[in-house]
Amino acid sequence: MAAALGTGAGQCRVHRRPSQRRGRGEVIVIAGGGVTGLSTAFWLAREGHAVTVVEKGIVGWEASGRNGGGCTHPYSPLFREEQRLWPMMDELLGHPTEWRPHRLKVALDEGQFDRLWKVTRLATDQGFEAAPLDRAELRDLVPWVGDNAVGGIHWKYGGHANPQRTSQAYAWAVERHGGRILQHTAVRGIRTQGGRAVAVETSAGEIGCDAVVIAAGPHTAALAAPLGHRVPMAPARVEMIVTEPLPPVAMGGVDGNGLYGRQTLRGNLAYGGGPHEWIDLDGEATPRPVNSPVVASLARRLNELFPRLGHVRVIRSWGGIVENTPDGRPILDRLEDPGNVVVASMSSVGFGLSPATGRALAQLVTQGRCDFADLSQLKLSRFGNLPLDWRSRQGWDALPA
């Protein structure tokens with residue numbers, strides 16, 4: 001298992017700092033201490049609102065702190081804001097995220113190359129630049145690429161960051177701006193009155209509020225259901241592997257062969273490859289993290305992507321849970337009833353979009369709309385006619401225990 005955020009006995013040390021809250025803003029409770037909830041809290045606290053983040057475990061403990069670190073989502077309406085904000089995040093948060101610009105995409109056959117160009121055009125059609133690379137040009141940038149590569153693409157946009165450092169930076173920035181973070185505290189429900197949420201019920205007591213953001217990953221559906229809203233999502237296991245450190249290459253963000261990942265500043269390769277097991281959740285508990293034979297598949301595909309690294313050892317791995325919506329796109333919406341509740345589910349792409357998502361959600365809370373991106377395609381209402389057995393129809397049912 002990967003090490004916890006922070007140091008010491010698996011605890012994430014979210015330091016308490018004196019409040020610097022400005023003005024008399026609203027009291028807002030955010031259910032979920034992943035990057036989506038933390039980013040939302042940062043933007044709200046920065047504006048002077050009294051924000052409390054409630055996290056049943058440790059902030060950034062699940063997929064938010066252990067993912068490929070990619071910051072490149074051209075299919076999202078938040079893409080332009082994602083690209084605008086990432087270069088500023090170290091300064092805005094006041095702590096390092098280890099963000100690095102640009103990405104390389106490697107194709108091992110012509111089919112992979114064609115699919116990469118289809119994704120690339122989503123960005124180039126918006127004015128971003130990309131350039132094709134032959135095998136020799138790829139090797140100049142990443143000497144691990146083998147003779148099996150047919151070519152690649154240099155995305156002169158996007159980038160990657162360190163998920164653990166970024167989660168910690170968000171948490172520290174929230175507290176620096178006067179926000180509270182309650183770890184090891186479970187949200188049990190949301191109390192409503194007169195069509196509005198008036199309090200959040202937690203394992204540590206009730207917290208009164210003016211607004212609520214539900215950004216609890218795979219538990220979002222369970223928290224929204226008592227409010228009369230069906231948030232369709234299928235929890236799934238994912239896994240990541242980390243290798244021993246290697247000499248740094250010119251560009252550490254390299255994807256291909258069905259993998260996503262990066263080289264860390266220390267030199268490790270951290271790679272994953274998508275969901276592989278559909279599961280069900282039992283109450284508020286998160287299923288025990290386990291590793292499976294998928295780790296061997298990730299190692300094999302990484303060796304195919306970088307044949308010259310067959311000798312490199314895998315030194316640790318992580319197995320955790322993400323949620324997936326039926327169409328694979330996030331849900332970002334302010335509910336009509338209760339009218340002061342915002343729901344967010346990122347469908348496995350939360351980390352890279354988090355600076356833009358948090359800013360968008362903060363605007364949904366304070367003004368009811370996002371003024372820099374059209375979020376209409378991400379509303380919960382698009383699933384109004386979804387069959388009850390949608391998971392079975394898509395083959396996403398959990399296997400019997």
Side-chain angles (χ1 to χ4, degrees), residues 28-32 34-37 39-41 43-44 54 63-64 73 75-79 81-82 187 189-192 195-198 200 209-236 275 278 280-281 284 321-350 353-354 356-394 396:
I28 301 160
V29 177
I30 297 174
V35 286
T36 299
S39 177
T40 305
W43 290 105
L44 288 167
V54 184
S64 287
H73 300 86
Y75 46 80
S76 171
L78 295 169
F79 176 57
E81 187 70 357
E82 173 193 53
V187 174
I190 299 171
R191 185 162 63 84
T192 62
R196 294 180 62 81
V198 296
V200 174
C209 62
D210 296 310
V212 176
V213 178
I214 306 175
H219 298 282
T220 297
L223 293 176
L227 302 177
H229 296 275
R230 178 188 175 208
V231 180
M233 59 177 59
W278 303 104
D280 289 320
L281 299 179
E284 68 185 35
I321 311 301
V322 297
E323 84 277 12
N324 298 267
T325 63
D327 59 8
R329 294 184 299 163
I331 297 170
L332 303 176
D333 200 4
R334 178 165 171 165
L335 304 180
E336 293 184 4
D337 184 17
N340 60 339
V341 175
V342 171
V343 173
S345 173
M346 292 308 295
S347 194
S348 306
V349 295
L353 286 168
S354 62
T357 300
R359 183 165 178 249
L361 290 170
Q363 290 193 351
L364 287 180
V365 170
T366 58
Q367 59 193 44
R369 60 180 294 275
C370 173
D371 63 17
F372 60 84
D374 180 5
L375 302 183
S376 59
Q377 61 183 282
L378 304 183
K379 293 180 71 66
L380 178 60
S381 59
R382 72 183 189 269
F383 298 120
N385 297 319
L386 188 72
L388 292 176
D389 63 346
W390 69 272
R391 285 186 62 174
S392 295
R393 294 188 183 202
Q394 295 189 192
W396 290 6

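Side chains are part of it too, since the values below use all heavy atoms of this structure and drop only hydrogens, waters and symmetry mates.
For the pair Leu388 and Arg230, the minimum side-chain heavy-atom distance is below 4.5 Å. The shortest side-chain heavy-atom distance between Arg329 and Leu378 falls under the 4.5 Å cut-off. Between Val343 and Thr220 there is a side-chain heavy-atom pair separated by less than 4.5 Å. The shortest side-chain heavy-atom distance between Thr366 and Leu44 falls under the 4.5 Å cut-off. Considering only heavy atoms from C-beta on, Ile214 comes within 4.5 Å of Ile190 through its side chain. Residues Gln394 and Pro326 are in side-chain contact: their nearest non-hydrogen atoms beyond the backbone lie under 4.5 Å apart. Two residues are said to be in side-chain contact when any heavy atoms from C-beta on lie closer than 4.5 Å; Phe372 and Gln363 meet this criterion. Within the 4.5 Å cutoff, no side-chain heavy atoms of Asp210 are placed close to those of Val198.
With sequence neighbours left out, Cys209 forms a side chain to side chain contact (heavy atoms under 4.5 Å, CB included) with Val29, Val200, Val212. For Ser348, the side chain to side chain donor-acceptor pair (under 3.5 Å) criterion is met by Asn324, not counting sequence neighbours. Partners of Ser64 according to the side chain to side chain donor-acceptor pair (under 3.5 Å) rule, which considers only residues two or more places apart in sequence or in another chain, do not exist here. The ring-ring contact (aromatic ring centres under 6.0 Å, His included) test applied to Trp396 returns Trp278, Trp390, not counting sequence neighbours. Residues satisfying the side chain to side chain donor-acceptor pair (under 3.5 Å) criterion with Ser347, sequence neighbours excluded, are Thr325. For Arg191, the salt bridge (Lys or Arg N to Asp or Glu O under 4.0 Å) partners at least two apart in sequence or on another chain are Glu206. By the side chain to side chain contact (heavy atoms under 4.5 Å, CB included) test, Tyr75 pairs with His73, Leu122, Val349, sequence neighbours left out. For Arg196, there are no side chain to side chain donor-acceptor pair (under 3.5 Å) partners, not counting sequence neighbours. Checked against side chain to side chain contact (heavy atoms under 4.5 Å, CB included), Ala221 has the following partners two or more places apart in sequence or in another chain: Val231, Met233. With sequence neighbours left out, the side chain to side chain contact (heavy atoms under 4.5 Å, CB included) criterion links Thr357 to Thr36, Leu78, Leu332, Met346, Leu353, Leu361.
Closest heavy-atom contact between Trp43 and Ala362: CB-CB, 3.8 Å. Considering all non-hydrogen atoms of both residues, Pro77 and Ala373 come closest at O-CB, 3.5 Å.
Within the 3.5 Å criterion, the main-chain N or O of Ala197 finds a donor-acceptor partner in the side chain of Asn340. Side chain of Ser345 to backbone of Ile331: no donor-acceptor contact under 3.5 angstrom is found.
For the atom pair CD1 of Ile28 and OG1 of Thr40, the computed distance is 10.0 Å after rounding to the nearest 0.5 Å. Rounded to the nearest 0.5 angstrom, Glu323 CD and Leu281 CG are separated by 10.0 Å.
Among residues at least two apart or in separate chains, salt bridge (charged side-chain N to carboxylate O under 4.0 Å, His left out) pairs with a member in residues 330-346 are Asp333-Lys379. For residues 364-375, no pair satisfies salt bridge (charged side-chain N to carboxylate O under 4.0 Å, His left out), with sequence neighbours left out.
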Start with the C-alpha distance between Thr192 and Leu227, add both sets of side-chain angles, then the distance that settles side-chain contact (heavy atoms from CB on, under 4.5 Å), and finish with yes or no. CA-CA 8 Å; Thr192 62; Leu227 302 177; 3.8 Å; yes
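Gln377 and Arg382 share no side-chain donor-acceptor pair at under 3.5 Å.
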